[in-house]
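A short worksheet on the structure shown next.
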2 protein chains.
Amino acid sequence: MPRKSITSYDVAKAAGVSQSAVSRAFSPGASISKPTREHILKVAGEMGYQPNAIARSMSTARKDIHQKSGMVGVIVTRLEDPFFAQTIAEFSRGIQAQGWQMLLFTVDTEAEVDTALNTLMQYKIDGAIVLSAILSDQMARACNTQGIPVMLYNRSAEGLNASSVEIDNHEGGRMAADILLEAGHTRIAFVGGEEGDATSTRRQTGFEERLAEAGRQIFRHETGDYTFDSGREAALRLFARKDRPDAVFCASDVMALGVLHAARNELGLRIPEDFSLVGFDDIPSAGWAGHALTTIRQPVRRMIKDAVDNLVESMESPALPPRIRRFEGRLIIRNTVRQVGSSSP
Amino acid sequence: MPRKSITSYDVAKAAGVSQSAVSRAFSPGASISKPTREHILKVAGEMGYQPNAIARSMSTARKDIHQKSGMVGVIVTRLEDPFFAQTIAEFSRGIQAQGWQMLLFTVDTEAEVDTALNTLMQYKIDGAIVLSAILSDQMARACNTQGIPVMLYNRSAEGLNASSVEIDNHEGGRMAADILLEAGHTRIAFVGGEEGDATSTRRQTGFEERLAEAGRQIFRHETGDYTFDSGREAALRLFARKDRPDAVFCASDVMALGVLHAARNELGLRIPEDFSLVGFDDIPSAGWAGHALTTIRQPVRRMIKDAVDNLVESMESPALPPRIRRFEGRLIIRNTVRQVGSSSP
DNA sequence: ACATTTAGTGCATGCGCATTCAATATTCAT
DNA sequence: ATGAATATTGAATGCGCATGCACTAAATGT
C-alpha cells in the first residue's frame with residue numbers, strides 16, 4: 001500500500017520552520033544559517049526525506065531558461081558489443097562522477113535515433129550523447145533550439161552544430177595498411193561494415209589510400225555487420241576460393257576475432273603463417289593470449305573523458321560553441337601479422 | 001540561445017482551445033472528440049510541441065498515489081563484463097518495449113547499491129532492477145513504503161519483500177560436477193568469486209555437494225573476481241605447483257576463458273587433454289570455435305523477459321506480492337571436457 | 001415535445017519545489 | 001550606542017500538466 005511520500009512541507013512542520021527553509025537546507029550555497037540547516041537536515045534524516053528531483057526540475061523551469069533535470073540522455077546501438085559495453089560503462093561512470101544521471105535508450109537502427117532523442121527530450125534531458133550514429137539536421141536544430149547540447153561519439157558532427165569525439169578513422173586505416181605492406185603482403189582483403197557505414201568507409205578510405213601509395217589495391221572486399229558471426233562468415237567466404245588473400249584487415253576487432261576463430265578452428269589455417277590479420281579498436285579480448293590480435297587502439301578512456309567533460313561544459317554554459325575532436329589511434333603490434341623477412345606463404 | 005520550450009498553453013492558444021483540451025488530446029482514452037483531438041494534434045505537430053514528461057509526472061502525483069515518472073531505475077556493476085552487457089542490452093529493449101525509460105546507475109561495489117537506489121528514488125522511478133547485488137533490509141523496506149517494486153536479477157530476494165529472477169546456481173554447480181565426475185576426473189579445482197559472493201558460493205555448494213556424493217571434494221580452490229585476468233592468474237597459480245588439477249570449474253565463463261587462454265597460450269597446456277574446463281553462463285564468446293567452452297547456460301532471454309514482465313506488472317498493480325523465480329540452467333557440452341573413456345593424464 | 005442521460009469542453013486547482021520579495025534579526029562601524 | 005549594512009527567514013508565486021468539477025451541447029428515451 002503505497003503511501004504519499006514525505007515532502008518538504010512535512011519536514012518543515014516537523015522542524016518548526018517554513019518550507020522555504022527546508023528547500024534552502026538542501027540547496028548548497030543557499031542563504032540559510034548553519035544551525036538552522038543542521039537542524040533541518042537532522043529532522044529530514046530522521047524522517048527519511050529526500051528532495052524530489054522531478055519537482056525540483058519543475059521549479060527550475062523559469063523564464064526562458066531551459067529546465068534542468070540533471071539527466072543526460074544516451075542513445076546506443078548494439079550494447080552487447082564489447083566495444084560499446086566498455087564505452088557505456090565509461091560514460092556511465094563519467095556522467096555520474098559529474099553529478100548527472102544517465103537515461104539510456106537502445107536503438108536497433110540508425111533511423112530510430114531521431115525518435116529516441118525526441119522521446120528523451122520529453123524527459124527534459126540536459127544533454128545528449130549519441131553513440132555511433134548521426135542525427136538529422138532537423139533534429140540537431142531542434143536540440144539547438146531547446147538549448148540541449150549534443151555529443152556525437154564515434155562519429156563526426158561536421159556541419160551539424162553539435163560536438164563530436166571520434167578516432168581518426170582515416171589515419172587508422174592507413175596504419176593498418178602500413179603494417180601489412182611492411183610485412184610484404186600483396187593480396188590484402190578488407191572486411192568492412194555495411195554499405196554506407198561512415199566509420200567503416202573512413203577506415204577503408206585511409207586503408208586504400210595507403211595501399212595506393214604502394215601501388216596496390218584491396219584484393220577482396222567483404223561486408224559484415226560488426227558482429228563476430230559476420231567476421232566468421234566473411235572468413236569462410238574469403239578462404240573458400242582458390243585465390244586466397246595473404247592478409248585481412250577488419251574494420252573492427254570483433255569481426256577480426258570472428259575471422260581468427262573461423263580461420264584457425266574451422267579452416268585449419270595458421271595466423272600469421274598463412275595470413276596476417278589486423279583489427280580495429282583494441283577491445284579487451286583482442287589482447288587475450290590466444291588471440292594476440294594486432295590492431296589499432298582507440299584511447300577510449302581519454303576520448304570518453306573528453307566527451308563527458310565537453311558535454312558537461314556545454315550543459316553548464318549553453319552559449320559554448322560545439323567542438324569537434326579527433327583522436328589518434330595507435331598501432332598495437334601483437335602476433336597476428338607476420339614478421340618482416342619471413343617467407344611469403 | 002536557449003528559448004523557452006513550447007507548452008500546452010501555447011498549443012491551446014494556437015488551436016483556439018483550452019489547455020485542458022491539449023492535455024486530453026495527448027492522453028489516450030481521455031474525454032475528447034475526435035475532430036478536436038485531430039486538430040490539436042495537427043497544430044501541435046506543426047509547432048513541434050511534445051508533452052513535458054517531467055511536468056506530467058508532477059501532476060500525476062495525487063492523493064496517496066505514488067507519482068509516476070515512466071522511468072525504471074537499473075543498478076549495475078561491471079557493465080564492461082560481457083555477461084552484464086548482454087543483460088543490460090536485453091533489459092533496455094524489454095523496458096522500452098513496454099513504454100518505460102531506463103535510468104541507469106553504475107556502481108563499483110555492492111555497498112553502493114543503497115546509495116544508488118536512494119539517488120534513483122529521488123527521480124521517482126516507478127520501479128527498480130538491481131543486477132547481481134542485494135539491498136539492505138532497510139532499503140527494501142523504504143522502497144516498499146514508497147510503493148516502488150524492486151526486481152533483483154541474478155540474486156535471490158528471499159526474506160526481502162522484493163521479487164527476484166535468478167538461475168539455479170546450486171543445481172548448476174551440480175551439473176558441472178556431474179560432467180567432470182563422469183569424465184573420470186579426480187583432482188578437480190574450483191575458481192570462484194570473492195569470499196562471500198552469493199552467486200559463487202551457491203555454485204560452489206552445489207558443486208561440492210555433487211562431488212561429495214561421489215566421495216570426492218574440491219582439490220584446490222582459487223579466488224577470482226569474475227574478470228578475465230583473475231581467471232588467468234588463477235590458472236597460473238593452479239599449474240605452478242607440482243600437483244596439478246586435472247579439471248577446473250570456474251564460476252563464470254569470463255574467468256574460464258582466462259584459464260583457457262593462460263593454459264593454452266602461456267603454459268602450453270592442452271584442453272581437454274591435460275585438463276578439463278567448465279564455465280558458467282554461456283556468454284557468446286564461450287561458443288567461439290577456438291574456445292568451444294563447455295559450460296552451464298543461463299536462459300538469459302527468458303529470464304529477462306520474465307523479470308521485465310513481472311516488474312511491469314508490479315508497477316501497474318502495486319498490490320501484487322513479490323515473486324521469486326528460479327530458472328534451470330542447461331549443460332552445454334562443447335570441447336573443453338575430455339570424453340569418457342579417454343585415458344587419464 | 002420534453003425529460004434525462006451522455007459526450008465534450010473550459011475553469012480552477014494542485015503536484016513539490018526553488019526563488020523573489022518583503023520583513024525581521026543580527027552584525028558592524030564609528 | 002546607533003544607524004547602516006548584512007544575514008536569515010517566511011509568505012507567496014509559478015514551473016507544465018492532469019484532472020475534478022460545473023456547465024453546455026448533443027443524443028436518447030418516452
Side-chain angles (χ1 to χ4, degrees), chain A residues 2-40 44 47 49-70 121-124 126 146, chain B residues 2-40 44 47-70 121-124 126 146-147:
Chain A
R3 268 170 268 163
K4 187 190 185 63
S5 52
I6 302 146
T7 74
S8 54
Y9 280 98
D10 303 329
V11 176
K13 204 190 310 171
V17 296
S18 71
Q19 179 269 327
S20 323
V22 178
S23 172
R24 290 186 179 111
F26 282 89
S27 305
S31 170
I32 185 172
S33 72
K34 208 167 177 183
T36 311
R37 164 172 277 152
E38 279 166 4
H39 175 231
I40 293 174
M47 301 175 69
Y49 167 77
Q50 296 278 148
N52 181 329
I54 300 284
R56 175 173 284 188
S57 171
M58 272 305 293
S59 67
T60 54
R62 289 295 160 93
K63 314 270 172 83
D64 34 47
I65 290 144
H66 182 276
Q67 105 188 68
K68 291 196 54 173
S69 64
M121 281 171 68
Q122 294 187 15
Y123 281 85
K124 300 300 157 185
D126 297 333
Q146 307 250 333
Chain B
R3 267 170 267 163
K4 188 189 186 65
S5 51
I6 301 145
T7 74
S8 54
Y9 280 98
D10 302 329
V11 177
K13 203 189 312 169
V17 296
S18 71
Q19 179 268 326
S20 325
V22 177
S23 171
R24 291 186 178 109
F26 281 89
S27 305
S31 170
I32 186 173
S33 71
K34 205 165 177 183
T36 310
R37 164 170 276 149
E38 279 166 2
H39 174 231
I40 293 174
M47 300 175 70
Y49 167 78
Q50 295 279 146
N52 181 331
I54 299 282
R56 173 173 285 188
S57 170
M58 271 306 292
S59 66
T60 55
R62 288 295 161 93
K63 314 271 173 81
D64 34 47
I65 289 145
H66 184 277
Q67 103 188 69
K68 292 196 55 173
S69 64
M121 281 171 67
Q122 293 181 210
Y123 281 86
K124 300 300 157 184
D126 297 333
Q146 307 250 334

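Each chain gets a letter, A, B and so on, in the order the sequences are listed, and its residues count up from 1.
Put simply, A/Ser8 has a side-chain N or O that comes within less than 4.0 Å of OP1 or OP2 on C/dC17. Residue A/Ser23 has a polar side-chain atom (N or O) positioned under 4.0 Å from OP1 or OP2 of C/dA18. Between D/dA18 and B/Ser59, no contact under 4.0 Å exists linking OP1 or OP2 to a side-chain N or O. Proximity of B/Ser31 to the phosphate of C/dT9: no side-chain N or O atom is located under 4.0 Å from OP1 or OP2.
Taking atom NZ of B/Lys13 as the reference point, atom P of D/dC17 lies 14 Å away to the nearest angstrom. In this structure, CE of A/Met58 is placed 8 Å from P of D/dC17, rounded to the nearest angstrom. Counting to the nearest Å, the P atom of C/dG16 and the CD atom of B/Gln122 are 15 Å from each other. B/Phe26 has its CZ atom 10 Å from the P atom of D/dA18, to the nearest Å. Between B/Gln146 atom CD and C/dG16 atom P there is a gap of 11 Å when expressed in whole angstrom units. Atom CE of A/Met47 is separated from atom P of C/dG16 by 13 Å (rounded to the nearest Å). Going from atom CE of A/Met121 over to atom C1' of D/dG16 covers 16 Å, rounded to whole Å. To the nearest angstrom, P of C/dC17 lies 18 Å from NZ of A/Lys68.
Heavy-atom minimum distance, A/Ser27 versus A/Ser23: OG-O, 2.8 Å. Of all heavy-atom pairs between B/Asp126 and B/Ser69, the closest is OD1-N, 2.9 Å.
Nearest nucleotide to the side chain of B/Gln19, out of D/dA11, D/dT19, C/dG16: D/dT19. Distances were taken from every side-chain heavy atom of B/Ser18 (C-beta onward) to each of C/dG10, C/dC17, D/dG16; the shortest belongs to C/dG10. The side chain of A/Arg24 has D/dA11 as its nearest neighbour among D/dG16, D/dA11, C/dA18.
Side-chain atoms of B/Arg37 and base atoms of C/dG8 include no donor and acceptor less than 3.5 Å apart. Residue A/Ser20 places no side-chain atom within donor-acceptor reach of the base of C/dA18, judged by atom type and a 3.5 Å distance cut-off alone.
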- Determine, stepwise, if the pair A/Arg56 / A/Lys68 fulfils side-chain contact (heavy atoms from CB on, under 4.5 Å). CA-CA 9 Å; A/Arg56 175 173 284 188; A/Lys68 291 196 54 173; over 6 Å; no

- Message: Please evaluate residues A/Thr7 and A/Asn52 with respect to the criterion side-chain contact (heavy atoms from CB on, under 4.5 Å), reporting the C-alpha separation (whole Å), side-chain torsions for both, the decisive distance (0.1 Å), and the verdict.
- Response: CA-CA 8 Å; A/Thr7 74; A/Asn52 181 329; over 6 Å; no

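Both A/Val17 and A/Tyr9 lie near DNA chain D, and the one whose nearest nucleotide falls closer to the 5' end is A/Val17.
A/Met121 is not listed as a side-chain neighbour of B/Gln50, based on a closest heavy-atom distance of 4.5 Å or more.
B/Thr36 comes within contact range of the sugar-phosphate backbone alone, with a heavy-atom separation under 4.0 Å but no base atom that close.
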